[in-house]
**Q** 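Before I ask anything, here is the structure I am working with.
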Amino acid sequence: MPKSRIRKKADFTPPPAKQATNIKLNNRSWVAPVMLALFAIGLVWIVVFYVTDGTMPIESIRNWNIVVGFGFIAAGFGVSTQWK
């Protein structure tokens, strides 16, 4: 029976080292103040609506003032997703 040929395996050569890339971090210093401001505006909007029995901040939209206040708070949560 004929003997099979032995194949020599190539020596392992490691892949070339990767160059360290600079990670560009965006300046997100605006996120926290804007987020807190939106939370505060929403909270103040709702509190003013309840304290003034609906005559302020905008009397013509009546109970939709609550939705506006919660809209500011929701926008604050939306901005908070940008925080790193």
Side-chain angles (χ1 to χ4, degrees):
M1 183 126 188
K3 236 180 173 184
S4 65
R5 284 194 254 169
I6 299 174
R7 293 184 214 150
K8 184 177 179 188
K9 292 184 180 180
D11 293 333
F12 175 73
T13 55
K18 293 183 180 178
Q19 293 290 335
T21 57
N22 290 336
I23 298 173
K24 186 176 182 181
L25 297 176
N26 294 333
N27 187 0
R28 305 251 174 148
S29 61
W30 60 271
V31 173
V34 170
M35 174 185 66
L36 294 175
L38 288 171
F39 287 156
I41 290 169
L43 180 65
V44 168
W45 192 288
I46 293 171
V47 168
V48 166
F49 173 72
Y50 277 117
V51 169
T52 61
D53 291 327
T55 59
M56 287 180 68
I58 303 174
E59 187 176 7
S60 63
I61 61 173
R62 296 183 301 273
N63 287 338
W64 284 97
N65 280 303
I66 298 169
V67 175
V68 172
F70 278 115
F72 278 112
I73 294 170
F77 279 114
V79 169
S80 72
T81 63
Q82 299 298 314
W83 195 7
K84 289 188 177 183

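All values below come from the heavy atoms of this structure, side chains included, with hydrogens, waters and symmetry mates left out.
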**Q** How would you list, by chain and number, every residue that makes a side chain to side chain contact (heavy atoms under 4.5 Å, CB included) with S60, sequence neighbours excluded?
**A**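 Side chain to side chain contact (heavy atoms under 4.5 Å, CB included) list for S60, sorted by chain: I58.
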**Q** Do side-chain atoms of W45 reach the backbone of N65 as a donor and acceptor pair under 3.5 angstrom?
**A**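 Present.
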**Q** More than 12 foreign heavy atoms under 6.0 Å from CZ of R62: is that the case here?
**A**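 Counting other residues, nucleotides and ligands, CZ of R62 stays at 12 neighbours or fewer.
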**Q** Who pairs with V34 by side chain to side chain contact (heavy atoms under 4.5 Å, CB included), at least two apart in sequence or on another chain?
**A**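 V34 satisfies side chain to side chain contact (heavy atoms under 4.5 Å, CB included) with W30, L38, V79 once adjacent residues are dropped.
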**Q** Does L36 share a hydrophobic cluster with F72, counting links as ILVMFWY side-chain heavy atoms below 4.5 Å and allowing steps through other members?
**A**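 Yes.
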**Q** In this structure, would V67 and F39 fall into the same cluster of hydrophobic residues linked by side-chain contacts under 4.5 Å?
**A**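 In one cluster: yes.
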**Q** Following the transitive rule for hydrophobic clusters with a side-chain heavy-atom cut-off under 4.5 Å over Ile, Leu, Val, Met, Phe, Trp and Tyr, establish whether I41 and F77 coincide in one cluster.
**A**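 Same hydrophobic cluster.
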**Q** Locate the shortest heavy-atom distance separating M35 from S80; write the atom from each residue and the value.
**A**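 Looks like SD-CB, 3.1 Å.
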**Q** Who pairs with F70 by ring pair (Phe, Tyr, Trp, His ring centres under 6.0 Å), at least two apart in sequence or on another chain?
**A**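 Not a single residue meets the ring pair (Phe, Tyr, Trp, His ring centres under 6.0 Å) criterion with F70.
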**Q** Count I, L, V, M, F, W, Y as connected when their side-chain heavy atoms are under 4.5 Å apart, and connections chain through other members. Are L43 and V51 then in the same cluster?
**A**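 Yes; tracing contacts between hydrophobic side chains, which count when under 4.5 Å, links both residues.
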**Q** Is it possible for you to say whether W64 and Y50 belong to one hydrophobic cluster, with membership spreading through side-chain heavy-atom contacts below 4.5 Å?
**A**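 Cluster IDs for W64 and Y50 match.
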**Q** If you look at every heavy atom in P15 and F12, which pair is closest and at what distance?
**A**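 It is CD-CZ, 4.5 Å.
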